[in-house]
Colleague: 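Below you will find the structure I want to go over with you.
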Amino acid sequence: MTGNTRGAQAQSSAPVGASDAATRVQWLRDELDRYSYEYYVLDAPTVPDAEYDALFSELQALETEHPELLTDDSPTQRVGGAPLAAFDAVRHRMPMLSLNNGFEDDDVVNFDRRCAQGLGRPAPAAEEAPQDLFSQADASAGAVEYAAELKFDGLAMSLRYEHGKLVQAATRGDGETGEDVTVNVRTIKAIPLKLRGQAPEVLEVRGEVFMYRADFDKLNERQAEAGEKTFVNPRNAAAGSLRQLDPRITAKRPLSFFAYGLGELQGADRPVTHSVMLDGFAQLGLPVCTERKVVKGVQGLLGFYREIGARRDQLPYDIDGVVYKVNALAEQEQLGFVSRAPRFALAHKFPAQEMTTVVEDIEVQVGRTGAITPVARLAPVFVGGVTVTNATLHNEDEIRRKDVHIGDTVIVRRAGDVIPEVAAVVLERRPADARAFVMPTACPVCGSHIEKLEGEVIARCTGGLICAAQRKQALLHFAQRRAMDIEGLGDKLVEQLVDQGIVRTPADLYKLGVMKLAALDRMADKSAANIVTAIENSRAPVLNRFIFALGIRHVGESTAKDLAKHFGKLQAVMDADEAALLEVNDVGPVVAQSIANFFAEEHNRQVIEDLLASGVTPSESEPAARVPAPLAGKTFVLTGTLPTLSREDAKERLEAAGAKVAGSVSKKTDYVVAGAEAGSKLEKAQALGVAVIDEDGMLALLAAGAEQPDAG
Ligand code: 9MJ
């Protein structure tokens, strides 16, 4: 983690010579609470973790030395205490509601109509219904105003704060009575033990405890390594973690929280709208999701649904839909409830990310480096918005751990933009003739021996480039856009070229003529000519792309860039020994050895020699030390559509100038480059006072070298 002066300033503003432990303890708690607020609510951390940890340790030490100073709401009091025998029942003072679901556009049209009618507004005209979704008609006066937000897939929770202190956390249960999980919830760092600012006498906040996908993946990895049961999805992981009777286990689970509703409130007026209420929650230090919008009428609702639907895979957490709520609380009251669900709200669901289907077979695939991946062939199933027929089983250990047999009914999960996977087996539905998978001992493509090295999880085909499967993957890797960028050289073509023995190594591509290509199946003269041109145009790659294209194990785009920058010339990379390689930024012993092994291999050197002989000339530059990096140390975030450059190009140019390009805006961002239709990142930059520039501004910086960003 990079250094940051903010914490140092904060520390130096500590009470001078704080001999008074009580003052110091209070100051430490305030600082730690503020850092948590910046991290969890603003999503803009200002201090490195190590600094937080140091302040935390100091507070712990002081509290041990002065136990009389210890309070329940101290940040040190999150670690779970002794296990419970059972959870107590909690009667909700205001019922915790559930939501009515909608699936089709029509359900939303009807919801909006019912709301409008219930509020005595003119009913939205029939012609505004789905066929005319984007007319502006109902953005006019009569349309109902809604707060649109995400529907998180976690566990609903009610948090009770009295005089700003968290006193109780309860699950939804049946809506009337839930379970007291206070000791567990206190371990969730995103949930403040103490509210910021002026807190009302009593505040009951409703929201969802959930897990970020990345945290879920890490948790499952840890569970698998420890030989413990893994979780099917983040929802189950969140629910399982909260229902632990031993809070010390919950404390180790990476749980998060978003607030979205209000229960009891005393000592303050109820807010006028749902959106103002959420803003108020954030001010009190409660995490509120920023993916929300106030919209009008059915078109506003469906617009939000489509916008979020398009980005669902890129969100860092699972959602199973969006939620629409009439924005004005007075109008919510006017509409009331039917049984346990409010008339003023609707959950508009997305296609399910999990479905069950049958494993018809398990086959193995051979990757570029010979890695053998078992793949389940599935009865087609519609999941996460696409029809899935294959799901990865990762490796043999994973098959054993999940106990997947051929013939089993399984839960297939496709969440985020990751490839579909078998999440779990439905054991009750295992047929009598289900068969266990047996790992082949020979490569199904080239017949070479399959080996699994001691301590490795992945089995590999030992065939190297004599294996057609590896050769095909290596060629596809070489030709891909981020490598040599040979447009048109896709799966089908590579398949034919390798199977017919026309191409063995990447160097053979440069000997292809139009005649030879045009003779292939489904290849028109024009396409053949285009491919030959694309191959021609790839003869002068920048060095880092060429290195990446070689497909060296452990050398991704980023390492390829580091190598190119460090050594400047291909020959220098090829000649470097492990010691020299270890001097490259981010290159450790495993990567260094992999690179050295690759270039030590005679047939790899031969391929490179052939490539150079056929006219491929990677760019050369001076080694890093002598190359000026005008934007070194500067962090950029790109957002919106730039007028001339693609995201990829802009990123590449910035990185070539030494800048770092990050995915989200924080206080550490130096510049946000905003194009057309820039969204929340731009807003965040403005809120944080980060300098915002356009493409011209960025090009000027690249030309001139970095200047100090505006203080904003
Ligand atoms: C979820 N699950 O994200 C509600 N929810 O409101 C949101 N759930 C809800 N709102 C009233 N965003 C009852 C449930």
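Worth knowing before you read on, the calculation uses all heavy atoms, side chains too, and leaves out hydrogens, waters and symmetry mates. Whatever order the structure lists them in is the order used to number ligands and atoms, beginning at 1.
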Colleague: For D318 and R235, indicate whether the former's side chain and the latter's backbone hold a donor-acceptor pair under 3.5 Å.
Modeller: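 Checking the backbone N and O of R235 against the side chain of D318, no donor-acceptor pair under 3.5 Å is found.
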
Colleague: Could you tell me which residues satisfy salt bridge (Lys or Arg N to Asp or Glu O under 4.0 Å) with R196, sequence neighbours excluded, listed by chain and number?
Modeller: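 Salt bridge (Lys or Arg N to Asp or Glu O under 4.0 Å) list for R196, sorted by chain: empty.
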
Colleague: Just which atoms of ligand 1 are under 4.0 Å from any heavy atom in E208?
Modeller: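 By the 4.0 Å cutoff, the relevant atoms are 2 (N).
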
Colleague: Taking distance alone, with N or O pairs closer than 3.5 Å, would you say L150 contacts ligand 1?
Modeller: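 Yes - when backbone and side-chain N and O of L150 are compared with those of ligand 1, one distance drops under 3.5 Å.
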
Colleague: If we check side-chain hydrogen bond (donor to acceptor under 3.5 Å, both in side chains) with T230, which of these qualifies: K402, R401, Q223?
Modeller: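 It is R401, the one option of K402, R401, Q223 that forms the side-chain hydrogen bond (donor to acceptor under 3.5 Å, both in side chains) with T230.
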
Colleague: How close does the nearest protein non-hydrogen atom get to atom 3 (O) of ligand 1, and which residue and atom is it?
Modeller: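 Heavy-atom neighbour on the protein nearest atom 3 (O) of ligand 1: F152 N, 2.7 Å.
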
Colleague: Measuring only between side-chain heavy atoms, which start at C-beta, is L97 closer than 4.5 Å to F337?
Modeller: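 They are in side-chain contact.
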
Colleague: So which protein heavy atom does atom 13 (C) of ligand 1 come closest to, and at what separation?
Modeller: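 Residue, atom and distance for the closest contact: L97 O, 3.5 Å.
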
Colleague: Is it true that the side chains of Y146 and D112 contain a donor and an acceptor less than 3.5 Å apart?
Modeller: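 There is such a pair between these side chains.
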
Colleague: Evaluate K325 for polar contact with ligand 1, using N/O atom pairs at a separation under 3.5 Å.
Modeller: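 For ligand 1, there is an N or O atom that lies under 3.5 Å from one belonging to K325.
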
Colleague: Once the angle between the rings of F152 and F210 is folded into 0 to 90°, is it parallel (under 30°), tilted (30 to 60°) or perpendicular (over 60°)?
Modeller: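 Rings of F152 and F210: parallel, under 30°.
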
Colleague: Could you pull out all residues at least two apart from D88 that satisfy salt bridge (Lys or Arg N to Asp or Glu O under 4.0 Å)?
Modeller: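 So D88 forms no salt bridge (Lys or Arg N to Asp or Glu O under 4.0 Å) with any residue.
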
Colleague: Any idea which atoms of ligand 1 are less than 4.0 Å away from a heavy-atom of V323?
Modeller: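 Counting atoms of ligand 1 from 1, those under 4.0 Å from V323 are 7 (C), 12 (N).
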
Colleague: Between CZ of F231 and CG of D217, what distance do you get to the nearest 0.5 Å?
Modeller: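 Result: 13.0 Å between the selected atoms.
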
Colleague: Say whether R206 and ligand 1 are in contact under the criterion: heavy-atom distance to a ligand atom below 4.0 Å.
Modeller: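 It does not, in that no heavy atom of R206 comes within the 4.0 Å cut-off of ligand 1.
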
Colleague: At less than 4.0 angstrom from any non-hydrogen atom of E149, what atoms of ligand 1 do you find?
Modeller: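 Within the 4.0 Å cut-off of E149, ligand 1 contributes 7 (C), 10 (N), 12 (N).
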
Colleague: Could you identify the single nearest non-hydrogen protein atom to atom 9 (C) of ligand 1 and state the distance to 0.1 Å?
Modeller: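 I find the closest protein heavy atom is Y260 CE1, 3.5 Å.
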
Colleague: Does any N/O atom on L99 come nearer than 3.5 Å to any N/O atom on ligand 1?
Modeller: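 No - when backbone and side-chain N and O of L99 are compared with those of ligand 1, no distance drops under 3.5 Å.
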
Colleague: Counting both backbone and side chain atoms, is some N or O of S98 under 3.5 Å from an N or O of ligand 1?
Modeller: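 Not met; the criterion fails.
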
